[in-house]
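As the structure is a prediction and not an experimental result, all values here were calculated from the model. To find a chain, count down the sequence lines: A is the first, B the second, and so on, and within it residues start at 1.
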There are 2 protein chains.
Amino acid sequence: MVVETLTNDEIDRIFHALADATRRDIVQRVIHEEQSVSTLARAYDVSFAAVQKHVAVLERAHLITKQRHGREQIVHSDMGTLGRAERLLRQYQDLWAGRASRMDALLAEDDETTTQNDPPSKGPTP
Amino acid sequence: MVVETLTNDEIDRIFHALADATRRDIVQRVIHEEQSVSTLARAYDVSFAAVQKHVAVLERAHLITKQRHGREQIVHSDMGTLGRAERLLRQYQDLWAGRASRMDALLAEDDETTTQNDPPSKGPTP
DNA sequence: CTAACGTACAACCAAATGGTTGTAGAAACA
DNA sequence: TGTTTCTACAACCATTTGGTTGTACGTTAG
């Protein structure tokens, strides 16, 4: 499928998590270096609880994971999810570029026709 | 520079627009074939006004554009924006993959012309 | 001309979002 | 020990979101 192994809900959570500058910045920070939640919180102008919520949103999207270390919760990135999101966007672009026919074949699940390009299916109303 | 010309607000809007399955489906449809808003609306189980709002969200994110044709409003995709979003995600992955040095240089002074994604509030490394 | 269609937009509503403060518990430190 | 630090979570609030319905207006078809 065009959505790989991701469900719609998972994609929703990923893009929603990335639709906030603070959360994107958190992702960037922990990509660069794993940090505790309180260390992250000190970097922003909002309360600790607010940062905690941002981290929770990123965690629900599987963009980061937390690992307890003593009394601290260490946040580190989960690049696999980011990669899947990037690949999803790339697939849209591939569809837009010339590969539309092949993608259509995949989506339509019929590979018998060897015709390479033409507008075959008009309305795939799901 | 390699840097995109996207502001934080624009990135917010792009990812927010993509964080909804109906809107992603609209993007897919109009990538495949340009369609009027009412044609799109017939494909979903919600009201015409709801689809109109979804289209407006996508338009605000510059993922699609509308073009009047008689009494119809034809929706077509704007792949450039999608490409910029995909490249942004890939930059995160490049950062993770080890090309950190160049990204670090970018991130260190990200408030100037870069506008790729600047930290929302406080300084980067206090 | 009249009717139907496609669109725009306002008003309204329930639920989610993003923020706050406050309280409480577990771990580290003096 | 007692205190500070880090985390978790509840309660609350304002704003946004995603949906509805209703109305109005331009355009096309009969």
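- Note on A:Ser38: every side-chain N or O is 4.0 Å or more away from OP1 and OP2 of D:dT5.
- A:Ser47 comes within 4.0 angstrom of a nucleotide base, judged by non-hydrogen atoms across all strands.
- With values rounded to the nearest 0.5 angstrom, B:His16 atom NE2 is found 9.5 Å from B:Leu58 atom CG.
- As rounded to whole Å, 14 Å separates atom C1' of C:dC9 from atom CD of B:Glu59.
- For A:Asp20, taking side-chain heavy atoms from C-beta onward, the closest of the listed nucleotides C:dT7, C:dG18, D:dG18 is C:dG18.
- When the side-chain nitrogen and oxygen atoms of B:His16 are compared with OP1 and OP2 of C:dG18, none of them lie within a distance under 4.0 Å.
- Proximity of A:Arg42 to the phosphate of D:dC6: a side-chain N or O atom is located under 4.0 Å from OP1 or OP2.
- Here the side chain of A:Arg68 is nearest to one of C:dT7, D:dA8, C:dG18, namely D:dA8.
- Distance from the side chain of A:Arg71 is smallest to D:dT5 among D:dT5, D:dT7, C:dA8.
- Between the P atom of C:dG19 and the CZ atom of A:Arg23 lies a distance of 8 Å, rounded to the nearest Å.
- Look at NZ on B:Lys66: it is 15 Å from P on C:dG6, rounded to the nearest Å.
- By the 4.0 Å N-to-carboxylate-O rule, B:Arg24 lies too far from B:Asp20 to be salt-bridged with it.
- Side chains of B:Gln73 and B:Gln67: no donor on one and acceptor on the other come within 3.5 Å.
- At whole-Å resolution of the value, CD in A:Gln73 and P in D:dC9 are 10 Å apart.
- Atom pair B:Gln52:CD and D:dG18:C1' shows a separation of 14 Å (rounding to whole Å applied).
- Regarding A:Glu72, its CD atom lies at a distance of 13 Å from the C1' atom of D:dT4, rounded to whole Å.
- Side-chain nitrogen and oxygen atoms of A:His69 include none within less than 4.0 Å of the OP1 or OP2 phosphate oxygen of C:dA27.
- Linking ILVMFWY residues whenever their side-chain heavy atoms come closer than 4.5 Å, directly or via other members, places A:Val75 and A:Val46 in the same cluster.
- Atoms NZ (B:Lys53) and P (D:dT20) sit 9 Å apart, rounded to a whole Å.
- At a threshold of 4.0 angstrom between heavy atoms, the contacts of B:Ala49 include nucleobase atoms, whether or not backbone atoms are also involved.
- The nearest whole Å value for the distance from the CD atom in A:Gln67 to the P atom in D:dC6 is 18 Å.
- Using a cutoff of 4.0 Å between basic side-chain nitrogens and carboxylate oxygens, B:Glu86 and B:Arg90 are scored as salt-bridged.
- Comparing D:dG19, D:dG18, D:dA8 against the side chain of B:Val46 picks out D:dG19 as the nearest.
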